[in-house]
Asks: 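Okay, handing you the structure first.
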Amino acid sequence: MGACMRLRVIQCRVRWQLVVATLLCAASANTGLAQSGGEEIITDRPDITESAIVVPKASLQAENGLTWTNDHLDNLVALCQTLLRLGLSDRTELRLTLPSYSLGFPRRLGSSGVTDISIGFKQQLGPLPGGFDLSMIVATSVPTGTAGRTTHRLDPFLKVPWSRELGNGWSIGGMASIFWPSEESRRNLILEPTFVLQRDLSRSLDVFAEYGGDYPQHGGAKQTIHFGTAYRINSTNQVDFHFGFGLSSSTPQRFFAAGYSFRIDRLWGK
């Protein structure tokens, strides 16, 4: 009887958090297209490599997406993946990753639920000599997710993205990241390097190819090859589509994803 009650409580908590996440996504979609003008939108999606540029001061940028992942016989759909970025100054932004809802097929214990949030800051360090842009992201996850989707601890991480324009629409970039997630009551240091090659096909459309790898202190390495495109509807709205394949046995076999991002400018000041 006690187990049944606990299961009902968990289910109610998942439903409540899913409703909140869905409402946030709906609000994002309804608000974004009303805003236009100003600097061109630069997002941290759809590639793994984050942008080395912060959002403009007094601007709020919402980057939303959903992902379907296939890992051999298991399938996982992640809904309402949202990153909020608020420009605090010309070189600093506040970052908040909202909880997303993951639905696993077949439904195994712990495969579905709501993920943890994360909060942090991005500090732009570039441009540097040689035409390089550079920034640093310091953040931590907060254990707000449901059982099976949370680590129950604060898990800090550090990211250092960089990029450089090559000319004729070509650019390169990458990111060096360190994660300290909690796994089975212990920390598992993970190093994550990425490298991306991007080509602007027009002022509004770009494509990319990317390599990303996770190299944990405990467990096998995960390596991914990643391709995608982004289309800017106007200066503050963007849609994207991307897909990737695992290069190692411990990596999910394939994933497909789509997203919509928008920015609201001049939240304060002139």
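All values below come from the heavy atoms of this structure, side chains included, with hydrogens, waters and symmetry mates left out. Since the structure is predicted, the reported quantities are computational estimates derived from the model, not experimental observations.
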Asks: Return yes if a side-chain donor-acceptor contact under 3.5 Å exists between S248 and Q223, otherwise no.
Replies: no
Asks: Assess whether side chain to side chain contact (heavy atoms under 4.5 Å, CB included) is satisfied between D44 and R95, documenting all intermediate values.
Replies: CA-CA 11 Å; D44 280 355; R95 302 164 61 85; 2.7 Å; yes
Asks: Under a 3.5 Å cutoff, is there a donor and acceptor pairing between the side chains of T194 and T49?
Replies: yes
Asks: For K159, look at atom NZ and say whether over 12 heavy atoms of other residues, nucleotides or ligands are found less than 6.0 Å away.
Replies: yes
Asks: Testing the 3.5 Å rule here: is there a donor-acceptor pair between the side chains of Y231 and D206?
Replies: no
Asks: In terms of relative ring orientation, are H226 and F208 parallel, tilted or perpendicular, with 30° and 60° separating the classes?
Replies: perpendicular
Asks: Partners of I172 by side-chain contact (heavy atoms from CB on, under 4.5 Å), sequence neighbours excluded?
Replies: W162, R164, L166, F195, L197
Asks: Between L103 and L79, is there a side-chain heavy-atom distance shorter than 4.5 Å?
Replies: no
Asks: Could you list the residues that satisfy side chain to side chain donor-acceptor pair (under 3.5 Å) with T43, not counting sequence neighbours?
Replies: Q238
Asks: What closest approach, in Å, do I190 and E183 show between heavy atoms, and which atom pair accounts for it?
Replies: CD1-OE2, 4.4 Å
Asks: Restricting to non-hydrogen atoms, name the atom on L84 and the atom on A62 that form the minimum distance, rounded to 0.1 Å.
Replies: CD2-CB, 3.6 Å
Asks: Side-chain contact, heavy-atom cut-off 4.5 Å: R45 with E50?
Replies: no
Asks: L86 and V55: which non-hydrogen atoms are nearest, and at how many Å?
Replies: C-CG2, 3.9 Å
Asks: For the residue pair S118 / T97, report whether a side-chain donor-acceptor contact shorter than 3.5 Å exists.
Replies: yes
Asks: Would you compute the distance between atom CG of N64 and atom OG of S100 and round it to the nearest 0.5 angstrom?
Replies: 11.5 Å
Asks: Are S135 and Q123 close enough that a side-chain donor and a side-chain acceptor fall under 3.5 Å?
Replies: no
Asks: Parallel, tilted or perpendicular: which fits the ring planes of F243 and F241, with parallel below 30° and perpendicular above 60°?
Replies: tilted
Asks: Please determine if D71 and R254 form a salt bridge, counting it only when a charged side-chain N lies under 4.0 Å from a carboxylate O.
Replies: no
Asks: Could you tell me whether E63 and R263 have a side-chain N and a carboxylate O separated by less than 4.0 Å?
Replies: no
Asks: Linking I/L/V/M/F/W/Y whenever any side-chain heavy atoms sit under 4.5 Å apart, do V239 and L201 land together?
Replies: yes
Asks: Could you tell me if N188 and Q217 have a donor-acceptor pair between their side chains, going purely by distance under 3.5 Å?
Replies: no
